[in-house]
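Ligands are counted one by one from 1 in listed order, and the atoms in each one are counted from 1 as well.
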Amino acid sequence: MIVRIPATSANLGAGFDALGLALSLYNDFIVTPSILQSIKIEGEGENIPKLRKDNNFMKIFNEVYTSLGGQEQNFSFYLKNNIPISRGLGSSSAVIVGAIVCAFEMLKIPYKKDLIISKALKYEKHPDNITPACNGGFNIAVVKNNRVFYVRNKIPQDIKAVIVIPNKPISTKYSRKTLPKQVSLSDAAFNIARSSMISGIFMQKKWNLLKMVGDDKLHQDKRMSLLPILFSVKKEALKNGALLSVLSGSGSTFLNICYRDDAPKLARILSNKFSDCRVLELEFDNSGISIL
Ligand code: HSE
């Protein structure tokens, strides 16, 4: 049994800590009972020895497995990672959600996605990656009384994502520290209007309006200053067909959304111009957690 979890892109600019969507880029997790405990990581992170010693997936799986009444035993863990680490593509959420789902599957305990989301909230405090990682599609998420409430919509095939992944990681923890503790009423109002509009656009599919709502006054500029090339990525993307060009989560990846037909040209231009970055043309994912 393979548990597959998609990459996610949180915030979408103005929707800081509230909006997120899923992308067709996946981590696959396989856990099997074994005489000795072992872990094999393939793909992203395979060359980081620390990940094998102190592995979050293993820790969370064991914790949830025990809390669900699982008997003590060893497992072998196989992690096939396609989601780049510390690039704002939800790799931590994929690990968290994947580990929780694997524990339920191992014990053959039926679960709903909502239960996985609420368990995942213990490990990741903002809901904008874990919710789309579980549900797929476009999600608006709110945390109240330690529970996640969300509205979710499928993303149709008229639009695609072209993501630009710099070589340099940005740590979410560090980049959150660079953000101001207080913001002005006018900046808050600026973001509320755009974030609400983005949500409406994804519900009503009025993609052209995305061009009007890509700005944000709460977090992007500060974070992009950590990697100034991102300002050029945004400019080039908007010049060449992107409807929305925003930092993915806390970065360093940039998410560009464009009409399906414009995606190949946009990807080509960005990959020629920013040859140090990886550029991927991706569908949106509408499945979230998948068991293969
Ligand atoms: N909303 C979060 C942030 C996403 O921007 O810091 C990263 O987890």
Any idea which atoms of ligand 1 are less than 4.0 Å away from a heavy-atom of [X]?
X      : result
His126 : 2 (C), 8 (O)
Asn11  : 1 (N), 3 (C), 5 (O)
Phe16  : 3 (C), 5 (O)

Tell me the protein heavy atom at minimum distance from [atom], and give that distance in Å.
atom                   : value
atom 7 (C) of ligand 1 : Asn129 ND2, 3.7 Å
atom 6 (O) of ligand 1 : Arg176 NH1, 2.5 Å
atom 2 (C) of ligand 1 : Asp17 OD1, 3.2 Å

- Query: With backbone taken as N, CA, C and O and side chain as the heavy atoms from C-beta onward, which portion of Arg223 lies under 4.0 Å from ligand 1: side chain, backbone, both, or neither?
  - Reply: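 Side chain only.
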- Message: Using heavy atoms and a 4.0 Å limit, tell me yes or no: is His219 in contact with ligand 1?
- Response: no
- So does Lys59 pair up with Asp54, basic N to acidic O under 4.0 Å? yes
- May I ask you to check whether Ser250 has an N/O atom sitting below 3.5 Å from an N/O atom of ligand 1? no
- Task: Report yes or no: is the cationic atom of Arg176 (NZ for Lys, CZ for Arg) closer than 6.0 Å to the six-membered ring centre of Tyr174, at no more than 45° off its axis?
- Result: no
- Do Ile170 and Arg223 come close enough that some side-chain heavy atom pair is under 4.5 Å?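 The answer is no; the side chains never approach within 4.5 Å.
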- Query: Do Lys173 and Ser171 come within less than 4.5 Å of each other through their side chains, counting heavy atoms only?
  - Reply: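 The answer is yes, as the side chains (C-beta and beyond) meet within the 4.5 Å cut-off.
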- Derivation and outcome, side-chain contact (heavy atoms from CB on, under 4.5 Å), residues Met106 and Val31: CA-CA 8 Å; Met106 180 60 65; Val31 182; 3.8 Å; yes
- Query: Are side-chain N/O atoms of Tyr26 and Asp285 paired as donor and acceptor at under 3.5 Å?
  - Reply: yes
- Ser91 side chain to Ile85 main-chain N or O, any donor-acceptor pair under 3.5 Å? no
